[in-house]
Amino acid sequence: MELGKADSQPGRTMKLKLHWQIFIAMALGALWATLFPAQAMMAAPLGDIFMRLLKMVIVPLILTSITAGVAGIGDSRSLGRLGAKTFLYYVVTSILAITIGLTLANVIQPGVGLEVAQERAIDPSDLEQPGSVADILLRIIPLNPVRAAADGDILGIIFFAIMFGFAITRVPDRYSEPLLTFFQAAFEAMMKLTMVIIRLAPIGVFGLISRAVVSMGGELFQAVGLYMVTIATGLTLHFVVVLPLLLLITTGRNPLDHYRAMMSVMAMAFSASSSSATLPLTLEAVEHKAGVSNKVSSFVLPMGATINMDGTALYECAGVLFIAQALGIDLSFSQQLIVVFTALLASIGAAGVPSAGLVMIFIVLEAVNITSPEAYALVGVMLAVDRPLDMYRTVVNVISDSTGAVVIAHSEGEELAYPRIRK
Ligand code: ASP
């Protein structure tokens, strides 16, 4: 059974398509915050309300979507195949992104000769330090799934939902059928609710952008301009070359069709800097606009929102090289390999929330023994200018997830909503 294919698309009944409404709201929000910075924060509650509504649906959406999706797959071989493809896609795209970051940081050398007035940086000791990599991996298994849901521990919920969905396929039909129907029905209802909330996106995005513009500090940007250019160039290469090419080659579809379908998703990721908060929109768009089945999207997207972060992976790698260069530390080839590997793990461990990627940079720094107070002070500088980079890398994170869903759906023989490019 195909889930979530039914009925109305948000914005269809409105004159202006939803993504245009969102773009206009973004422009207006930025204008408002620039012209009236003192009053700009008045709009922030609109963003807060919207974010809370989205967060409200995330846990039930993930739980019902994955449980129904996995239970609907049926046999363990299909599940294993889907899991292997998803894992391969996550790792390959993240490594490609890291390689871009590594190359650009070595070529542009943004940290060399850097002088920054540290007093404008933010104290990084305010940040909650991440646990070790082993810790992060172990925590995927929740001690108590109910608590994982209550705490919004997405990885824990995903793990439980996959196991539970799988268990449903192994019990006799008289038990599995009502459970499957229940989770499918609950998922449909959650999707309906999500679509209602998504209609509020223009109002929410207006508030989110106003706050983002006001909180961006000025002069530091100039001092670390080259660092920002390096990251932005890397993200752009991945966003406009690597991922579209991958989509084109593997599916024979025009990447522009996909990017057009994901407009509101990208606008949301940009405004909220959060893959998790964008997830309801991503699920909706990938199913209804790209034509991917619930079976694939419910498997690839929620996990992707926490695990597959190409933009963050690129950022971790280039960011650490930047710090090393600024401190005059020459990282050997093998140390750079360690950076690549830990950047991948850090991107997997980063939560899909604002600036999570920056916090994880401590793990990568530690792996190559860069733990001096000067290094941490530089993280503070990076934090002060993080917002625009975070907005952009979140867009890249989310578009990689949606591209993955399309690529995997195609490989599973699904008919996509995009026309094939004639050969
Ligand atoms: N904000 C990013 C996301 O939610 C994570 C990061 O900080 O890199 O995808």
Side-chain angles (χ1 to χ4, degrees), residues 47 50-51 54-55 58 62 90 93-94 97-98 100-101 122 124 126-130 136 152-155 158 205 208-209 211-212 215-216 227-228 230-232 234-236 238-239 243 262 265-283 300-320 322-323 339 342-365 379-405:
F50 183 55
M51 289 289 276
L54 283 173
K55 286 181 182 168
I58 286 173
I62 293 181
Y90 289 168
T93 53
S94 297
I98 294 175
I100 295 176
I122 293 174
D126 291 347
L127 295 173
E128 200 185 310
Q129 299 277 329
I136 290 168
D153 165 11
I154 309 276
L155 281 180
I158 292 174
V205 159
L208 291 171
I209 286 284
R211 169 178 297 154
S215 55
M216 280 179 202
Y227 150 75
M228 299 187 73
T230 309
I231 307 270
L235 292 174
T236 306
H238 198 67
F239 182 63
L243 292 175
M262 295 301 128
V265 174
M266 290 192 264
M268 177 63 199
F270 186 79
S271 312
S273 288
S274 168
S275 308
S276 294
T278 311
L279 181 62
L281 280 87
T282 322
L283 273 166
V300 177
L301 295 175
M303 225 180 332
T306 13
I307 288 179
N308 180 44
M309 296 195 173
D310 296 3
T312 305
L314 183 153
Y315 173 80
E316 302 291 338
C317 175
V320 167
F322 161 75
I323 293 179
V339 171
T342 37
L344 177 67
L345 292 178
S347 73
I348 291 174
V353 298
S355 283
L358 186 67
V359 179
M360 296 305 284
I361 219 160
F362 289 115
I363 287 190
V364 191
L365 285 173
V379 175
V381 175
M382 289 159 76
L383 184 60
V385 296
D386 192 47
R387 187 67 197 206
L389 293 178
D390 193 10
M391 294 162 108
Y392 195 9
R393 65 179 186 257
T394 308
V395 172
V396 177
N397 290 345
V398 169
I399 211 71
S400 172
D401 297 339
S402 68
T403 302

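Start at 1 and go down the list; that is how both ligands and their atoms are numbered. These numbers were taken from a predicted model, which means no experiment stands behind them.
- Note: D401 CG to L283 CG = 10.0 Å, rounded to the nearest 0.5 Å.
- At a threshold of 4.5 Å between non-hydrogen side-chain atoms, the residues M228 and Y392 do not count as touching.
- Partners of F322 under the ring-ring contact (aromatic ring centres under 6.0 Å, His included) rule, at least two apart in sequence or in another chain, are Y227.
- In this structure, the ring-ring contact (aromatic ring centres under 6.0 Å, His included) partners of F239, at least two apart in sequence or on a different chain, are Y259.
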Pick out the protein N or O atoms lying less than 3.5 Å from any N or O of ligand 1, and list each pair with its distance.
from	atom 1	to	atom 2	distance (Å)
ligand 1	1 (N)	S273	O	3.0
ligand 1	1 (N)	V353	O	3.1
ligand 1	1 (N)	D390	OD1	2.7
ligand 1	1 (N)	T394	OG1	3.1
ligand 1	4 (O)	S275	N	2.8
ligand 1	4 (O)	S275	OG	3.3
ligand 1	4 (O)	G352	O	3.3
ligand 1	4 (O)	V353	N	3.3
ligand 1	7 (O)	A356	N	3.1
ligand 1	7 (O)	G357	N	2.7
ligand 1	7 (O)	D390	OD1	3.2
ligand 1	7 (O)	R393	NE	3.4
ligand 1	7 (O)	R393	NH2	3.0
ligand 1	8 (O)	T312	OG1	2.6
ligand 1	8 (O)	R393	NE	2.6
ligand 1	9 (O)	S275	OG	2.4
ligand 1	9 (O)	N397	ND2	2.8

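- Remark: T306 pairs with I154, L155, I158 by the side-chain contact (heavy atoms from CB on, under 4.5 Å) rule, at least two apart or across chains.
- With a 4.5 Å cut-off on side-chain heavy atoms, I98 and L344 count as touching.
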